[in-house]
Novice: 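Encoded as structure tokens, here's the structure I'll be asking about.
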Amino acid sequence: VLVTDGHEPLLGLTAADFEVLDNGVAQKVDLAAFQRLPLNVVLALDTSGSVTGARLESLREASRAIVGDLKQGDRVALLTFSNVLSVRADLSGEVERVRAALDDLPVSGDTALVDATYTAIVTGESGSGRALVIVLSDGVDTASFLRPESVLETARRSDVVVYGVSVSRLERT
């Protein structure tokens, strides 16, 4: 579990601070320990033709904020997708490579959201540590060849945590 106070982990909890139920039956908690595992963060960023201007900049800003919050020992990868999936930065501790890759993103094509999510899950599992996939997109899949059900089953069998971040139509005045 993750217990936070605002955005910070709440430390010092003991087994007595937790109640665990299994099908409504209370279970005895013997141990509660704090452990910080390195993260494998995989950013899957939509660069299809529908992501331009303010939408693309919002997704870039969100990606930069995520990369900026990484800690020593964490690793990050950047995948971009339209109807073509591209690995812009392999999973590594070199966050500057990801920052640089975010500055030059070609935008075109349809949206292979399901295929990109699958690739991000597999990439996240490829290293030791806790895998976190963040899919940043503005829309609905229009080009994947994988079925959503098979990708969902892959996600269920993995230890990867997947978050979807969506940006809606933004108008700047």
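Keep in mind that this is a model prediction, so the values were computed, not measured.
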Novice: Show which side-chain atoms of residues 64-72 pair as donor or acceptor with protein atoms under 3.5 Å away, not counting sequence neighbours.
Specialist:
unit_1, atom_1, unit_2, atom_2, d
Arg64, NH1, Glu57, OE2, 3.2
Arg64, NH2, Asp103, OD1, 2.9

Novice: Kindly write out the residues that satisfy side chain to side chain contact (heavy atoms under 4.5 Å, CB included) with Pro9, not counting sequence neighbours, or none if the list is empty.
Specialist: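 Only Leu11, Phe34 meet the side chain to side chain contact (heavy atoms under 4.5 Å, CB included) criterion with Pro9.
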
Novice: Looking at OG1 of Thr111 and CG of Asp141, how far apart are the two atoms once the value is rounded to the nearest 0.5 Å?
Specialist: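 Answer rounded to 0.5 Å: 7.0 Å.
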
Novice: Just to verify, what does Asp138 make a salt bridge (charged side-chain N to carboxylate O under 4.0 Å, His left out) with, not counting sequence neighbours?
Specialist: Arg55

Novice: Roughly how far apart are Leu45 CG and Phe81 CZ, rounded to 0.5 Å?
Specialist: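 Result: 7.0 Å between the selected atoms.
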
Novice: Which value, rounded to the nearest 0.5 Å, describes the distance between Arg130 atom CZ and Asp74 atom CG?
Specialist: 13.0 Å

Novice: Pairs in or reaching into residues 114-128: which pass salt bridge (charged side-chain N to carboxylate O under 4.0 Å, His left out), with residues at least two apart or in two chains?
Specialist: none

Novice: Ignoring hydrogens, what is the shortest heavy-atom contact between Val167 and Ser58? Give both atom names and the distance.
Specialist: CG2-CB, 4.0 Å

Novice: Let me confirm one number: the CG-OG distance from Leu43 to Ser63, rounded to the nearest 0.5 Å.
Specialist: 5.0 Å

Novice: Which residues satisfy the side chain to side chain contact (heavy atoms under 4.5 Å, CB included) test with Leu132, sequence neighbours excluded?
Specialist: Val41, Ile134, Val161, Tyr163

Novice: Return the minimal non-hydrogen interatomic distance between Leu102 and Arg60, and the atom names on each side.
Specialist: O-NE, 2.9 Å

Novice: Which heavy-atom pair separates Ala32 from Ala15 by the least distance, and what is that distance?
Specialist: CB-N, 3.6 Å

Novice: For Asp110, check salt bridge (charged side-chain N to carboxylate O under 4.0 Å, His left out) against everything at least two apart and list the hits.
Specialist: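 Asp110: no salt bridge (charged side-chain N to carboxylate O under 4.0 Å, His left out) contacts found.
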
Novice: Taking salt bridge (charged side-chain N to carboxylate O under 4.0 Å, His left out) as the cut-off, I'd like each qualifying pair that reaches into residues 4-26, sequence neighbours left out, listed once.
Specialist: none

Novice: If hydrophobic clusters are built from ILVMFWY residues whose side chains come within less than 4.5 Å, do Val133 and Leu37 share one?
Specialist: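 As far as the 4.5 Å side-chain criterion goes, Leu37 and Val133 are not connected within one cluster.
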
Novice: Listing request: all side-chain hydrogen bond (donor to acceptor under 3.5 Å, both in side chains) pairs with a residue in residues 76-86, at least two apart in sequence or in separate chains.
Specialist: Thr80-Arg88

Novice: Please identify each residue that fulfils salt bridge (charged side-chain N to carboxylate O under 4.0 Å, His left out) with Asp30, with sequence neighbours left out.
Specialist: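 In terms of salt bridge (charged side-chain N to carboxylate O under 4.0 Å, His left out), with neighbours along the sequence ignored, Asp30 is linked to Lys28.
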
Novice: Consider side-chain contact (heavy atoms from CB on, under 4.5 Å). Of Leu59, Val51, Thr47, which one does Leu105 pass it with?
Specialist: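 Exactly one candidate clears the test, Thr47.
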
Novice: Under the side chain to side chain contact (heavy atoms under 4.5 Å, CB included) rule, collect the residues that match up with Ser92, sequence neighbours excluded.
Specialist: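 Ser92: side chain to side chain contact (heavy atoms under 4.5 Å, CB included) contacts with Glu94, Arg97.
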
Novice: Side-chain heavy atoms under 4.5 angstrom apart, residues restricted to Ile, Leu, Val, Met, Phe, Trp, Tyr: same cluster for Val76 and Val165?
Specialist: yes

Novice: Quick one: pull up OG in Ser126 and CD1 in Ile121 and give me the separation to the nearest 0.5 Å.
Specialist: 12.5 Å

Novice: How would you list, by chain and number, every residue that makes a side chain to side chain contact (heavy atoms under 4.5 Å, CB included) with Thr119, sequence neighbours excluded?
Specialist: Leu79, Leu85, Thr123

Novice: Can you give the donor-acceptor pairs under 3.5 Å from side chains of residues 149-157 to other protein atoms, not counting sequence neighbours?
Specialist:
unit_1, atom_1, unit_2, atom_2, d
Ser150, OG, Arg147, O, 2.8
Thr154, OG1, Ser150, O, 3.0

Novice: Looking at Ala44 and Ala120, what are the two nearest heavy atoms and their distance?
Specialist: CB-CB, 4.2 Å

Novice: Let me check something: do Tyr118 and Val135 share a hydrophobic cluster, defined by ILVMFWY side-chain heavy atoms less than 4.5 Å apart, either directly or through other members?
Specialist: yes

Novice: Under 4.5 Å between side-chain heavy atoms, hopping through other hydrophobics if needed: is there a path connecting Val160 to Leu113?
Specialist: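 Yes, one cluster joins them.
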
Novice: Using a 4.5 Å cut-off on heavy atoms from C-beta on, say whether the side chain of Val3 contacts that of Leu13.
Specialist: yes

Novice: Is Val162 linked to Leu39 within one hydrophobic cluster, defined over Ile, Leu, Val, Met, Phe, Trp and Tyr using a side-chain heavy-atom separation of less than 4.5 Å?
Specialist: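 Val162 and Leu39: separate clusters.
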
